[in-house]
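We count residues from 1, following the sequence as given.
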Amino acid sequence: MKSGKIRVIALAVMVAVMGALCGFRLIEYQVVNGEQYLEAAGNRTVSEVPVNAARGKIVDRFGNDLVSNKAGFNLVFDRAFLKEGTENSTILALTKILSDAGEDWVDDLPISRESPYTFLPGEDEDAARMKKKLGMQTYASAEECMAEIINKFGLEEYSGAELRTLAGVRYGMYAGDFSIYNRYTFAEDISPETVTVVEEVSFKYPGVSVSAESIRDYSGDGDLLPHIIGSMSAIFPEEVEKYTQNGYALNDKVGREGIEAVMESELRGVSGKIVVEQNNKGDVISTTVSKEPVAGNSVVLTLDMEFQKQVQTILEEFIINLQRAGKLGRNANSGAIVVLDVKTGEVLAAATYPTYKMSDLSDPVLSAQINSDLLKPKTNRAFWEIYRPGSTFKTVTATGALFEGIIDEKSTFRCGGTYYYDTNPNGYHPTCTGVHGNIAVVSALTQSCNIFFYDVGRRLTIESIDRYAAIYGLGEETGLEIRNAPGQVASPKLVEDSGGTWYMGNTWQAAIGQSETKVTPLQMAIQAMTVANKGTRYAAHIIKSVNSYDLTQIVRETQPEVLNDELAGHDELFDIVQRGMQGAANRRASMVNLPGGAAIKTGTPQVTKEQTNSTVIGYYPAQSAPEIAFAAVIEGGEYSADMAAQVITAYNTLKAQRSGQQAGNPASPDSSDPSSSGE
């Protein structure tokens, strides 16, 4: 009992002592040092910082990187710490550091670098956006815009290169709504060496910091596909509301043109959040991830990048060699090739010339050269440019006449070199490229007899010609996910709406792909695909699937879509057209020995009195199940069919190489041929 009482007393004493200590500590916190702790607590700040999610990759059909992400360093300005009135001196100091290191800074001002100031070529939209942001009239000159910028940002004391440098950066900060809520990216992807130099002097420039970020990397094969990949840019002022409503920060970048734009919602991912606690000195006390970022999905394209590179090289070298050849090819300067999978409508290759590299746009000198080039390398001729198809259109006219019963395989018309329909000696009498005598449809396609198709077109009528052109997809929506021109097919309404008059001769010209018919190389390839499929026209598509970021899971996959098959089931009529196209291929020395045979139709559409283009459509192989359809245009050139033969050879060679790889390593997912998805 006695020892038990002692333990109770000891325990009571310990409790009393602990209570006293707690009491003294509370007195210290609340009375003695209460104000100090209250001030410290009051000076602590808690903020929520967004964490950008990794943007999804863009890869070719075999998973080869076209666009990915890399860790990089950006130089940024923070309005909360950048002292008012020090902006100009800070900018000049940093641009000198960057210039000495051979690095660039962001300058999106669409005005020349030197006085007298002019708007940069090819940047009309940016110039219009700048005028609106500055509150100026649409007709304001570049000099007037510079004067407004000088006045707005107090740049009167500067001149020459310094003035233009400051104008570019200060306008960029203004256009990007630089504020305590929205920092400004001054330079992107600077080298580690430059980072070291900046950090050594950063104490002199409050508000300037180096930010480690995920940067879009176009250094892979995507650098060769600027028209298809697209690009990224800051959110424009007029877009702020639209994007912020969807959870974007003001300084986020969004896709522009191409895949980067149309797949923005898939590629973007979901940003995370970090809660940052700081003391009154600005020191970070703690960071807590409140929401993990979710990487965006990756986009798999239908393109076979190895095939794409070979087709691009074929196009460029063919045009350059034509220029060197002399008289027949000296005017050749540009063109395009499109290759489709016959059974799916997948775009396997889409080359345009001249072109440029994505990385060129980050170099001010190269960018200026691209924008001022009269051949407009920024134009995607494969998808955006429209051309008269010329005699390639005769397959449409032949199809319509056969289906309408106006002709059959044996129907003939006499070609004497000139077409006489009316008896008026002063009337319109178009000519042919030769004198073919009595000729039927297969030979007329093979030899491209104009006069046969003038008369067939007259009897078919322009209304029926237009209807069959639409069935083939000419002047129609293609289904392609990225921007492409709809084209147009000649019609009385089209001519009359532009103030002209439709004559019977217009119908004759429309029947051979002249008049006002203008379509894209993509649409011409779709036309060839429809012939190869004997009436089934698929939607063209360039997005094969959307996958998880690491490509291990398919989120959704594009399925072949039939846009028109109302002519399907009449193989005997398409056989006639196909024989005519096979005959045309067999007339070309470059094609006659191709294994499996080819089917083509060439054209020489007139552009001006002095210039004609060279066009070709076709499919391969012709003697068995077709695999690819193609179309090509050479502006001001000749012999596009011989160029198409090189494309077929490249396709066959690559297919054979991959078949050998597959035989040696059947487990390899990258060893299928370019059209494997359609077989």
Should the heavy atoms of other residues, nucleotides or ligands under 6.0 Å from [atom1] of [X] be counted, would the total exceed 12?
{"X": "Glu477", "atom1": "CD", "value": "no"}
{"X": "Lys376", "atom1": "NZ", "value": "no"}
{"X": "Glu125", "atom1": "CD", "value": "no"}

Atom pair [atom1]/[atom2] of [X] and [Y] - distance to nearest 0.5 Å:
{"X": "Met643", "Y": "Phe630", "atom1": "CE", "atom2": "CZ", "result": "10.5 Å"}
{"X": "Ile91", "Y": "Leu82", "atom1": "CD1", "atom2": "CG", "result": "8.0 Å"}
{"X": "Arg388", "Y": "Gln514", "atom1": "CZ", "atom2": "CD", "result": "5.5 Å"}
{"X": "Met232", "Y": "Met358", "atom1": "CE", "atom2": "CE", "result": "11.0 Å"}
{"X": "Trp384", "Y": "Asn380", "atom1": "CH2", "atom2": "CG", "result": "5.5 Å"}

Is it the case that the side chains of [Y] and [X] hold a donor-acceptor pair, with the cut-off being a distance below 3.5 Å and no angle test?
{"X": "Thr185", "Y": "Asn74", "result": "no"}
{"X": "Gln369", "Y": "Tyr356", "result": "no"}
{"X": "Ser191", "Y": "Glu103", "result": "yes"}

Minimal non-hydrogen separation, [X] against [Y], with atom names:
{"X": "Cys145", "Y": "Ala140", "answer": "SG-CB, 4.3 Å"}
{"X": "Met524", "Y": "Leu474", "answer": "N-CD2, 4.4 Å"}
{"X": "Ala349", "Y": "Val311", "answer": "CB-CG2, 4.0 Å"}
{"X": "Pro377", "Y": "His227", "answer": "O-NE2, 2.7 Å"}

Heavy atoms, side chains only, cut-off 4.5 Å: are Glu317 and Ile320 in contact?
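They are not in side-chain contact.
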
I want to check something: taking the side chain as every heavy atom from C-beta on, are Ile97 and Val201 in contact at a cut-off of under 4.5 Å?
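The answer is yes; the side chains approach within 4.5 Å.
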
Using atom types as modelled and distance alone, determine if a side-chain donor or acceptor of [X] lies under 3.5 Å from a backbone N or O of [Y].
{"X": "Asp360", "Y": "Ser367", "value": "no"}
{"X": "Arg129", "Y": "Lys132", "value": "no"}
{"X": "Thr517", "Y": "Gly513", "value": "no"}
{"X": "Thr615", "Y": "Pro389", "value": "yes"}
{"X": "Asn246", "Y": "Lys242", "value": "yes"}
{"X": "Gln312", "Y": "Thr352", "value": "yes"}
{"X": "Ser614", "Y": "Ser640", "value": "yes"}
{"X": "Thr392", "Y": "Val616", "value": "no"}
{"X": "Asp223", "Y": "Ser359", "value": "yes"}
{"X": "Asn371", "Y": "Ala368", "value": "no"}

How far apart are the C-alpha atoms of Asp466 and Ser491, what are their side-chain angles, what is the distance that settles it, and do they pass the side chain to side chain donor-acceptor pair (under 3.5 Å) test?
CA-CA 7 Å; Asp466 288 352; Ser491 69; 4.6 Å; no

Partners of Glu481 by side-chain hydrogen bond (donor to acceptor under 3.5 Å, both in side chains), sequence neighbours excluded?
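Not a single residue meets the side-chain hydrogen bond (donor to acceptor under 3.5 Å, both in side chains) criterion with Glu481.
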
Going by side-chain hydrogen bond (donor to acceptor under 3.5 Å, both in side chains), name the residues that satisfy it together with Lys357, two or more places apart in sequence or in a different chain.
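Partners of Lys357 under the side-chain hydrogen bond (donor to acceptor under 3.5 Å, both in side chains) test: none.
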
Are any of the side-chain nitrogens in Glu264 or Arg55 under 4.0 Å away from the carboxylate oxygens of its partner?
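The answer is yes: the pair qualifies as a salt bridge.
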
Taking NZ, NE, NH1 and NH2 as the nitrogens, is one of them in Arg483 or Glu257 under 4.0 Å from a carboxylate oxygen of the other?
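Yes, charged N to carboxylate O under 4.0 Å.
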
Give every donor-acceptor pair under 3.5 Å between a side-chain atom in residues 147-159 and any protein atom, sequence neighbours left out.
none

For [X], which of [options] qualifies under side chain to side chain contact (heavy atoms under 4.5 Å, CB included)?
{"X": "Tyr184", "options": "Val76, Val169, Leu75, Asp177", "result": "Val169"}
{"X": "Asp60", "options": "Asp221, Leu66, Val300, Leu225", "result": "Leu66"}
{"X": "Met263", "options": "Ile58, Asn297, Ile482, Val299", "result": "Val299"}

Going by the rule ring pair (Phe, Tyr, Trp, His ring centres under 6.0 Å), which residues pair with Tyr117 if we only count those two or more places apart in sequence or in a different chain?
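Per chain and number, Tyr117 pairs via ring pair (Phe, Tyr, Trp, His ring centres under 6.0 Å) with no residue.
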
Can you list everything that forms a ring pair (Phe, Tyr, Trp, His ring centres under 6.0 Å) with Tyr243? Sequence neighbours excluded, please.
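Tyr243 satisfies ring pair (Phe, Tyr, Trp, His ring centres under 6.0 Å) with Tyr248 once adjacent residues are dropped.
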
Which pairs with one or both residues in residues 195-209 pass side-chain hydrogen bond (donor to acceptor under 3.5 Å, both in side chains), sequence neighbours excluded?
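Residue pairs with at least one partner in residues 195-209: there are none.
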
Given Glu635 and Arg381, is the salt bridge (charged side-chain N to carboxylate O under 4.0 Å, His left out) satisfied, shown in steps?
CA-CA 10 Å; Glu635 296 183 31; Arg381 287 172 163 81; 3.0 Å; yes

When you look at Gln523 and Gln527, which way does the side chain to side chain donor-acceptor pair (under 3.5 Å) test go after all the steps?
CA-CA 6 Å; Gln523 289 175 320; Gln527 175 190 350; over 6 Å; no

Given Glu260, which of Arg216, Lys57, Arg268 fulfils the salt bridge (charged side-chain N to carboxylate O under 4.0 Å, His left out) condition?
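Exactly one candidate clears the test, Arg216.
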
